[in-house]
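In this chain, numbering begins with 1 at the start of the sequence shown. Values below: every heavy atom of this structure, side chains too, minus hydrogens, waters and symmetry copies.
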Amino acid sequence: MLAAATLLACALSTGAGVYYLLFFFLLALLLLALASALGTLLTLRVDVRGVRARAVRGEAVPLIVTARHLCPLPVADVRLIFAMPEDDLGANTITAFLPPFARREFRFVMRCPHRGVYEAGMDRAVVSDIFGLVELRRHLRGQKVRVEILPRARDMEALELRAGETGPESRSRAAEDASSPSGVRAWQDGDVLKKVHWKLTMRRREVLVRTYEESARPDTLILPDLSPINALKDQALTIEDCVCEICLGAARAQLLNSDPVSMPLTCAIPSESAGRSIAELPGFQTALARATFDSPYSYEQVLSSMYRRMQRTGGVVLVTARLTMRIADAAVRMRQMGITVNVFWVSDAQRDEALALTARLKLAGVGARVINPWTAEESA
């Protein structure tokens, strides 16, 4: 454009015909470049097949891309850019020569490195002319679908829910539902005073205790730490994957034993998943895929709010990316209530103070494990 403007100025100043000829030549070149790029972009049609609505983390989903355009003017290679659940933009581009009126088919692999909900499919097309003067781009509407990438279930051992290992009070807590009284009976050795029906005892002149309906089997409470992770984006996504997969593996291990499982998710929009059989595991998997690490409450606050649910809880699984003294104290208190507790710390740190916390948990009877999110290895 600068050269054309210079030639036009020379032509108007000198009146020489050669300058006019060169000016119109460059103008025609620019108009041809604009017409070829614009015509190709407006007539370009792209179809994507094979985009699945659900995939498992780590899978590679093959896609079939079909493209054609109806512009007879020559253009350079067309770039088709995908929206994908991965950060490497260089791996999300197809650059190909598209002859006019011919349908070309390409194969593309969509990788799913992290769990979550993403928009996947064709995002935009970029077209430039053969002279490199004009480059135009257009968003391709209707070519993206919502894809849920599900976490994988980590191999875990089931918690042993032995309700009677801490005395008669724990046995009573596991066998009876304190919210459903059914009647009274005479005092027996081993009964606790808080079950005595004092008014009826005074009236009948004998010690009577309340009886309760039999409750269901004690459930397992899985509590992931969904507070924001202070790390780089890719590192944070890897840690989030590890937290969710440990929770899913713990849920699968308990459901295989037909133990009831509850998993509160304290995101900004809270939810809860519950199940009693392995057939309900996909519900936990979907909930963890949609979980966001944006909890407005600290993990310590979440654990404090869960104490009232411990009456019928036989086991607790705590999964966190940061282990503090307050979290360790909460796990020890749960263990002292007669609950089987496992703590999973997702980290690659081996600091002395952190290792001292895990050693303290083990001395209190709490299962404590350190999981490296990058190698999936478990530390003692």
Side-chain angles (χ1 to χ4, degrees), residues 52-59 61 85-87 111-118 120 146-159 220-256 261-275 278 280-299 302-303 306 315-323 327 342-348 367 369-379:
R52 301 200 318 237
R54 296 165 71 89
V56 178
R57 188 180 79 85
E59 285 187 347
V61 180
E86 54 185 327
D87 296 329
R111 293 180 174 82
C112 308
H114 301 292
R115 58 102 233 172
V117 181
Y118 301 89
R146 187 170 179 265
V147 177
E148 287 185 352
I149 299 179
L150 307 174
R152 297 174 297 188
R154 182 183 174 88
D155 291 333
M156 307 283 292
E157 295 182 359
L159 291 177
T220 301
L221 196 61
I222 300 177
L223 297 174
D225 185 357
L226 298 181
S227 55
I229 296 175
N230 186 20
L232 297 176
K233 181 180 179 181
D234 188 66
Q235 294 177 350
L237 290 175
T238 301
I239 294 173
E240 292 174 6
D241 292 336
C242 190
V243 169
C244 292
E245 291 176 357
I246 291 173
C247 293
L248 184 61
R252 183 180 67 176
Q254 298 305 121
L255 293 175
L256 285 173
V261 177
S262 298
M263 186 174 63
L265 300 176
T266 55
C267 314
I269 302 177
S271 63
E272 181 168 346
S273 298
I278 192 62
E280 298 175 89
L281 183 64
F284 290 87
Q285 195 173 29
T286 301
L288 288 170
R290 299 175 181 176
T292 54
F293 283 68
D294 57 357
S295 175
Y297 310 103
S298 66
Y299 196 46
V302 172
L303 296 182
M306 293 295 168
V316 175
V317 177
L318 308 181
V319 187
T320 180
R322 57 183 188 89
L323 185 61
I327 296 175
N342 271 0
V343 177
F344 293 91
W345 179 30
V346 180
S347 175
D348 60 348
R369 303 178 187 177
V370 182
I371 305 295
N372 190 327
W374 284 273
T375 63
E377 293 178 354
E378 180 178 324
S379 302

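When only modelled atom types and interatomic distance are considered, Ser271 and Arg290 share no side-chain donor-acceptor pair under 3.5 Å.
Listed by chain and residue number, Met263, Phe284, Ala287 satisfy the side-chain contact (heavy atoms from CB on, under 4.5 Å) test with Ser273 (two or more places apart in sequence, or in another chain). For Glu280, there are no salt bridge (charged side-chain N to carboxylate O under 4.0 Å, His left out) partners, not counting sequence neighbours.
The heavy-atom pair separating Cys244 from Leu288 by the smallest distance is O-CD1, 3.3 Å. Trp345 and Leu323 get closest at one heavy-atom pair: NE1-N, 3.5 Å. Here the closest heavy-atom approach between residue Ile327 and residue Arg322 is recorded as CD1-O, 3.3 Å. Pro151 and Leu248 make their closest contact through O-CD2, 3.4 Å (heavy atoms, listed as atom of the first residue, atom of the second, distance). What you find for Leu226 and Cys267 is that their closest heavy atoms are CD1-SG, 3.4 Å. Closest approach of Val56 to Arg152, counting heavy atoms only: CG1-CG, 3.4 Å.
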Side chain to side chain contact (heavy atoms under 4.5 Å, CB included) between Val346 and Thr320, intermediate numbers included: CA-CA 6 Å; Val346 180; Thr320 180; over 6 Å; no

Show your reasoning for whether side-chain hydrogen bond (donor to acceptor under 3.5 Å, both in side chains) applies to Arg54 and Thr286. CA-CA 10 Å; Arg54 296 165 71 89; Thr286 301; 2.8 Å; yes

Evaluation steps, side chain to side chain contact (heavy atoms under 4.5 Å, CB included), between Leu318 and Phe344: CA-CA 6 Å; Leu318 308 181; Phe344 293 91; over 6 Å; no

Given the rule in the side chain to side chain contact (heavy atoms under 4.5 Å, CB included) test, do Cys112 and Val61 qualify, once you have shown the distances and angles that lead to the verdict? CA-CA 8 Å; Cys112 308; Val61 180; 4.3 Å; yes

Please test Met156 against Ile246 for side chain to side chain contact (heavy atoms under 4.5 Å, CB included), starting from the C-alpha separation and ending with a verdict. CA-CA 8 Å; Met156 307 283 292; Ile246 291 173; 4.0 Å; yes

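Around the CD atom of Glu157, the shell of radius 6.0 Å holds no more than 12 heavy atoms that belong to other residues, nucleotides or ligands.
Although no hydrogens or angles enter the test, the distance criterion places no donor-acceptor pair under 3.5 Å between the side chain of Thr220 and the main chain of Val316.
To the nearest 0.5 Å, atom CD1 of residue Ile149 and atom CZ of residue Arg52 are 10.0 Å apart. Distance check: Ser298 OG to Asp225 CG gives 8.5 Å after rounding to the nearest 0.5 Å. Distance SG/Cys247 to CG/Leu223: 8.5 Å, rounded to 0.5 Å.
With respect to the salt-bridge test (charged N to carboxylate O, under 4.0 angstrom), the residues Glu59 and Arg57 do not qualify. A salt bridge is defined here as a Lys NZ or Arg NE, NH1 or NH2 lying under 4.0 Å from an Asp or Glu carboxylate O, and Asp155 with Arg252 meets this definition.
Of the candidates His114, Arg115, Gln235, Glu240 forms a side chain to side chain donor-acceptor pair (under 3.5 Å) with just one, namely Arg115. When each of Ile239, Val243, Asp241 is checked for a side chain to side chain contact (heavy atoms under 4.5 Å, CB included) with Pro373, only Ile239 meets the rule.
Asn342 is listed as a side-chain neighbour of Leu159, based on a closest heavy-atom distance under 4.5 Å. Contact of the Val343 side chain with the Arg369 side chain is not registered, since no non-hydrogen atoms from C-beta on lie closer than 4.5 Å.
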